[in-house]
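See below for the structure under consideration.
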Amino acid sequence: MPHQFGTFPTTRLRRLRRTAALRNLNRETALHPGFFIQATILRENDDPAVIDGMSGIERQTIDQACALAVSAKSKRIGGLALFPYTKPSDRNSAGSAAFDPSNLMCRAAEAIKKAVPDVLLIGDVALDPYTDHGHDGLMDDSGTIINDETVEKLREQALVLARSGFDIVAPSDMMDGRIGEIRRFLDAQGCTETAILSYAVKYASAFYGPYRNAVGSSGVLKGDKATYQMDPANALEGLREAALDTQEGADMLMVKPGLPYLDMVTRVKESFGLPTVAFQVSGEYAMMRSAADAGALDFDRALMESLTCFRRAGADAVITYAAMKAADLLSY
């Protein structure tokens, strides 16, 4: 006999969960391929494709990246975020390759835009793929990452990326004041239409390990990045970072890593109202993939659940290594 709760009609939330049709009708958060940005690691033709620790993900040659862009367009994916693999012999203390208009990133952007002119490209602005010490900025003789001199170089890097065809430059370095300096410099050079996605809230996280393997930084990194990336224990500091970057001219704001910091995704979106991007970083992907390979979980379900959580938290887009896979799953 059904249990009666008082004299009012019984509220049973399970009524709307009874069938798939009812669940679909009442779903609060929806995903679409345009929400996904495919994180893509570039390589030269003679560089290794396999990335240790990232099952199912390989570095892409320029030709492969062009084919990926064609496929991304066909799947209606939001765009590609590009990052370069750089071998130790091509690195130096100044990160000189970052400012070379014929570097791998610039050549890839030019080729991709020729193949798919309307694909959205996001270019990473930071020196860590190019320095022989693996840090995002310049290092002095004492081992300190120096802020203002680094910002001057980041302006140059942003400019060569903008001129090669990137729609968005994304400073991920966490140097103070770099958003305003990059914005002023780009505008002065006529790149007023290039948008800036600021890695405003970027934590000194253990979840970046596979990415450092992917771009060739893990073997050369000296020390850690705690003097410029944020302490994972802090939230209000992240809001201060986002506020400063907004004042300096950021068009979009990033929270990185993603899933462990969903609270920050929500707070940044609600506090500033700018388009807010979350990054499902390499370690997040690797954990799900490794667990699935071990038979501990269903990768497809875990992936879509995690991406739904980003959307529910307020993210307008998510950069993920599994964007193509997620788009395929939505089409089923």
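- The only member of V169, I168, L121 that meets side-chain contact (heavy atoms from CB on, under 4.5 Å) when paired with L161 is V169.
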Q) Going through the distances and angles, do D100 and S102 end up as a side chain to side chain donor-acceptor pair (under 3.5 Å)? A) CA-CA 5 Å; D100 183 350; S102 64; 2.8 Å; yes
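- Panel note: side chain Q280, backbone T320; no donor-acceptor pair is recorded below 3.5 Å.
- Look at E44 and R107 and you find a salt bridge, because one of the NZ, NE, NH1 or NH2 atoms lies within 4.0 Å of a carboxylate O, short of that distance.
- Looking at I179 and P171, their side chains come closer than 4.5 Å, going by heavy atoms from C-beta outward.
- Side-chain N or O atoms of D136 include none that pairs as donor or acceptor with a backbone N or O of A126 at under 3.5 Å.
- Hydrophobic clustering places L262 together with L31 (ILVMFWY residues linked when any side-chain heavy atoms are closer than 4.5 Å, directly or through intermediates).
- Within the model, atoms CG of L68 and NZ of K75 stand 9.5 Å from one another, a figure rounded to the nearest 0.5 Å.
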Q. Hey, mind stepping through L307 and M304 against side-chain contact (heavy atoms from CB on, under 4.5 Å) and telling me if it holds?
A. CA-CA 5 Å; L307 294 173; M304 300 310 286; 4.3 Å; yes
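- Relative to the ring axis of Y85, R43 does not place its NZ or CZ within 45° and under 6.0 Å from the centre.
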Q) When you look at S306 and E284, which way does the side chain to side chain donor-acceptor pair (under 3.5 Å) test go after all the steps? A) CA-CA 10 Å; S306 66; E284 297 175 64; over 6 Å; no
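- Using a distance-only test at 3.5 Å, with no hydrogens or angles considered, no donor-acceptor pair links the side chain of S217 to the main chain of L221.
- The CG atom of D141 lies 10.5 Å from the CE atom of M139; values are rounded to the nearest 0.5 Å.
- Shown here is R15, whose CZ atom has more than 12 heavy atoms of other residues, nucleotides or ligands within 6.0 Å.
- Side-chain contact check for F83 versus I122: every heavy-atom pair is 4.5 Å or farther apart.
- We find the CG-CG distance between L236 and L239 to be 6.0 Å, quoted to the nearest 0.5 Å.
- Two residues are said to be in side-chain contact when any heavy atoms from C-beta on lie closer than 4.5 Å; R301 and L297 fail this criterion.
- Distance alone, capped at 3.5 Å, places no donor-acceptor pair between the R289 side chain and the G56 backbone.
- Screening R184, R183, Q189 for a side-chain hydrogen bond (donor to acceptor under 3.5 Å, both in side chains) involving D187 leaves a single residue, R183.
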Please table the atom pairs, donor to acceptor, closer than 3.5 Å between any side-chain atom in residues 194-202 and protein atoms at least two apart or in another chain.
unit_1 : atom_1 : unit_2 : atom_2 : d
S198   : OG     : A200   : N      : 3.4
S198   : OG     : D245   : OD2    : 2.5
K202   : NZ     : S172   : O      : 2.8

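- At distances below 3.5 Å, not a single donor-acceptor pair connects side-chain atoms of N234 with backbone N or O atoms of E237.
- Using a 4.5 Å heavy-atom threshold, the side chains of R155 and F99 count as separate.
- Here the CE-NZ distance, from M264 to K269, works out to 15.0 Å after rounding to the nearest 0.5 Å.
- T40 contributes a side-chain N or O that, together with a main-chain N or O of Q38, makes up a donor-acceptor pair within less than 3.5 Å.
- In this structure, the side chains of L253 and F272 come closer than 4.5 Å at one or more pairs of heavy atoms.
- The cluster map of Ile, Leu, Val, Met, Phe, Trp and Tyr, joined by side-chain heavy atoms under 4.5 Å apart, puts M288 and L329 in the same cluster.
- Of the possible donor and acceptor atoms, none in the side chain of E241 sits under 3.5 Å from a partner among the backbone N and O of G238.
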Q) Would L159 and C191 satisfy side-chain contact (heavy atoms from CB on, under 4.5 Å), going step by step from the backbone distance to the final call? A) CA-CA 8 Å; L159 180 62; C191 298; 3.8 Å; yes
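- By the criterion of side-chain heavy atoms lying less than 4.5 angstrom apart, applied directly or through intervening Ile, Leu, Val, Met, Phe, Trp or Tyr residues, I41 is not grouped with V50; the two fall into different hydrophobic clusters.
- Residues K222 and D132 approach most closely at CE-O, 4.3 Å, considering heavy atoms.
- Scanning all heavy atoms of the two residues, the minimum distance from N103 to A98 falls at ND2-O, 3.5 Å.
- Side-chain polar atoms of D140 and S142 form a donor-acceptor pair below 3.5 angstrom.
- L120 approaches D167 most closely through the heavy-atom pair CA-OD2, 3.4 Å.
- Between L138 and T150, the shortest heavy-atom distance links the atoms N-OG1, 2.8 Å.
- Under a 3.5 Å cut-off, the side chain of E181 and the backbone N or O of V151 do not form any donor-acceptor pair.
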(Q) The test is side-chain contact (heavy atoms from CB on, under 4.5 Å); show your working for V277 and D316 and say whether it passes. (A) CA-CA 6 Å; V277 181; D316 298 289; 5.9 Å; no
Q: Would you check, one step at a time, whether the test side-chain contact (heavy atoms from CB on, under 4.5 Å) holds for I62 with L42?
A: CA-CA 7 Å; I62 291 177; L42 300 171; 5.6 Å; no
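- For the pair D118 and K113, the salt-bridge criterion is not met [side-chain N within less than 4.0 Å of a carboxylate O].
- Contact annotation: the side chain of T19 approaches that of L22 to within less than 4.5 Å [non-hydrogen atoms, C-beta and beyond].
- Closest of all the heavy-atom pairs between G137 and I145 is CA-CG2, 3.9 Å.
- With hydrophobic clusters built from ILVMFWY side chains whose heavy atoms lie under 4.5 angstrom apart, F166 shares a cluster with F185.
- For the atom pair CD1 of I182 and CE of M175, the computed distance is 11.0 Å after rounding to the nearest 0.5 Å.
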(Q) Assess the residue pair D128 and K225 against the criterion (salt bridge (charged side-chain N to carboxylate O under 4.0 Å, His left out)); give the C-alpha distance rounded to whole Å, side-chain angles, the decisive distance to 0.1 Å, and a yes or no. (A) CA-CA 11 Å; D128 56 318; K225 302 188 178 187; 3.5 Å; yes
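- Interatomic distance, CZ of F279 versus OH of Y261, reported as 14.5 Å (0.5 Å rounding).
- The shortest heavy-atom contact between A81 and I37 is N-CG2, 3.7 Å.
- Enclosure of atom CZ in R23 by more than 12 non-hydrogen atoms of other residues, nucleotides or ligands within 6.0 angstrom is indicated.
- Under the 3.5 Å distance criterion, the side-chain polar atoms of R76 are left unmatched by any main-chain donor or acceptor of P33.
- Classification of D52 and R212 as a salt-bridged pair fails, no side-chain N sitting under 4.0 Å from a carboxylate O.
- Using a distance-only test at 3.5 Å, with no hydrogens or angles considered, a donor-acceptor pair links the side chain of Y285 to the main chain of S55.
- Both cation-pi conditions hold for K256 and Y211: the charged atom is under 6.0 angstrom from the six-membered ring centre and inside a 45 degree cone around its axis.
- By the side chain to side chain contact (heavy atoms under 4.5 Å, CB included) test, E110 is found to be paired with S164, residues two or more places apart in sequence or in another chain being considered.
- Residue Y130 is not grouped with residue V220 when hydrophobic side chains (ILVMFWY) are merged at heavy-atom distances under 4.5 angstrom, including chains of intermediate members.
- Residues Y228 and H135 have side chains in contact (heavy-atom distance under 4.5 Å, counting atoms from C-beta outward).
- Sorted by first and then second residue, the salt bridge (charged side-chain N to carboxylate O under 4.0 Å, His left out) pairs with a member in residues 77-96 read D47-K87, K87-D90; sequence neighbours excluded.
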